[in-house]
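Predicted, not measured: the structure shown is a model, and the values here were computed from it.
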Amino acid sequence: MKNRKILHNITQGMYVLTTSEGGCIVDAVSQVSSSEFPLISIAVMKENNTNHLMQKEGKFALSILGKNVDPKVIEVFGFHSMRDINKFDEVSIELMGDVPIITNSLGYIICEFVDSLENETHTLFLGRVMEADILKEEEAMSYQYYQAHKSELIPIKTSLGKTAWVCTVCGYVYYGEKLPDDFQCPACGVGKKYFKKKGSRKNVKK
């Protein structure tokens, strides 16, 4: 593929997908029916811990992110795993039934699991909307907006003697003096050639 960045123009929203036990940032969300209780599809990377949680839980939520969302929400749910930290302790949440939603969001959609479809990198989950509400009226953040402003939304900080390698596709940051030749971005799956070195020998903030 000559330039993956053209895919940024296939723009959708930015959401936090949550189950009772975890969650992650997703953008590949679509409404696929228009009944009283419509169907929603969500694509989740197979390597993502949230994918495994979705496989075993019968209910999930989507919190819609606005352009003015606290950047910490994107950092916590986009670049950390529940295997390492409790994401729900890091940002403000509230429970809708037994599913947490992001308080600092435009609104939420609660779905019950219906079906799933596998491909080589992602699982496409299908859910039926059971409840939804608007929390505030602001402009939603699109995936295209996120890509254009991710350096502002997620400032990259490196400390003395520490090198950061930044994924130019999704913004994931890998810390280490050398990026392994077979490294694949755990967030979006691209290889080493899509990473840009941001490290220095002095304190920097980008």
Side-chain angles (χ1 to χ4, degrees), residues 1-19 21-30 41-57 60 62 65 71-87 90-91 116-126 141-159 161-200 204 206:
M1 188 180 298
K2 290 182 178 178
N3 194 337
R4 291 181 61 97
K5 290 185 178 180
I6 189 61
L7 299 177
H8 299 173
N9 293 309
I10 306 175
T11 188
Q12 300 176 85
M14 294 288 287
Y15 312 86
V16 175
L17 169 66
T18 48
T19 70
E21 297 183 27
C24 66
I25 295 285
V26 293
D27 64 271
V29 175
S30 297
S41 66
I42 306 102
V44 185
M45 284 189 66
K46 288 185 175 182
E47 295 180 0
N48 197 311
N49 186 51
T50 305
N51 187 302
H52 304 295
L53 298 178
M54 292 279 285
Q55 300 278 2
K56 68 176 186 176
E57 298 194 26
F60 59 87
L62 288 167
L65 302 185
K72 189 171 179 64
V73 172
I74 296 175
E75 177 192 349
V76 168
F77 284 92
F79 302 104
H80 294 280
S81 171
M82 287 290 278
R83 299 183 184 103
D84 305 315
I85 65 169
N86 187 333
K87 298 180 183 183
E90 301 294 322
V91 301
S116 64
L117 177 68
E118 303 288 337
N119 65 34
E120 63 272 20
T121 60
H122 288 68
T123 303
L124 186 67
F125 293 96
L126 196 65
M141 181 187 296
S142 69
Y143 180 68
Q144 187 178 46
Y145 178 91
Y146 166 73
Q147 288 294 340
H149 297 86
K150 62 188 176 185
S151 61
E152 306 158 32
L153 292 165
I154 313 170
I156 298 162
K157 301 175 183 178
T158 63
S159 57
K162 200 168 188 179
T163 301
W165 299 84
V166 184
C167 178
T168 58
V169 174
C170 72
Y172 178 85
V173 182
Y174 173 89
Y175 290 103
E177 289 304 313
K178 185 178 179 182
L179 195 66
D181 290 337
D182 60 350
F183 186 79
Q184 284 189 305
C185 179
C188 69
V190 299
K192 176 181 178 179
K193 69 178 182 178
Y194 292 100
F195 278 75
K196 186 175 181 181
K197 188 175 182 180
K198 290 285 186 181
S200 75
V204 297
K206 287 190 173 284

If you define the side chain from C-beta out and look only at heavy atoms, does anything of [X] sit under 4.5 Å from [Y]?
{"X": "V29", "Y": "V26", "value": "yes"}
{"X": "K197", "Y": "L179", "value": "no"}
{"X": "L17", "Y": "Y15", "value": "no"}
{"X": "I25", "Y": "L65", "value": "yes"}
{"X": "K192", "Y": "D181", "value": "yes"}
{"X": "K196", "Y": "W165", "value": "no"}

N-O pairing of E120 and K46 below 4.0 Å: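 A salt bridge is absent here (no side-chain N lies under 4.0 Å from a carboxylate O).
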
Residues, nucleotides or ligands: over 12 heavy atoms within 6.0 Å of E47 CD: no

Stepwise side chain to side chain contact (heavy atoms under 4.5 Å, CB included) test for F125 and Q55: CA-CA 9 Å; F125 293 96; Q55 300 278 2; 3.9 Å; yes

So how far is it from [X] [atom1] to [Y] [atom2], rounded to the nearest 0.5 Å?
{"X": "H80", "Y": "M82", "atom1": "NE2", "atom2": "CE", "answer": "12.5 Å"}
{"X": "C24", "Y": "F79", "atom1": "SG", "atom2": "CZ", "answer": "11.5 Å"}
{"X": "N51", "Y": "K56", "atom1": "CG", "atom2": "NZ", "answer": "12.5 Å"}
{"X": "F60", "Y": "M54", "atom1": "CZ", "atom2": "CE", "answer": "4.5 Å"}
{"X": "D182", "Y": "Q184", "atom1": "CG", "atom2": "CD", "answer": "8.0 Å"}
{"X": "N86", "Y": "E21", "atom1": "CG", "atom2": "CD", "answer": "11.0 Å"}

Exercise: identify the closest heavy-atom pair between S30 and Q12: OG-OE1, 3.5 Å

Side chain to side chain contact (heavy atoms under 4.5 Å, CB included) between T123 and I42, intermediate numbers included: CA-CA 8 Å; T123 303; I42 306 102; over 6 Å; no

Any residue meeting side chain to side chain donor-acceptor pair (under 3.5 Å) with N48, in chain and number order, not counting sequence neighbours: T50

Side chain to side chain contact (heavy atoms under 4.5 Å, CB included) between V44 and L124, intermediate numbers included: CA-CA 7 Å; V44 185; L124 186 67; over 6 Å; no

Ring centers of Y174, F195 separated by less than 6.0 Å: no

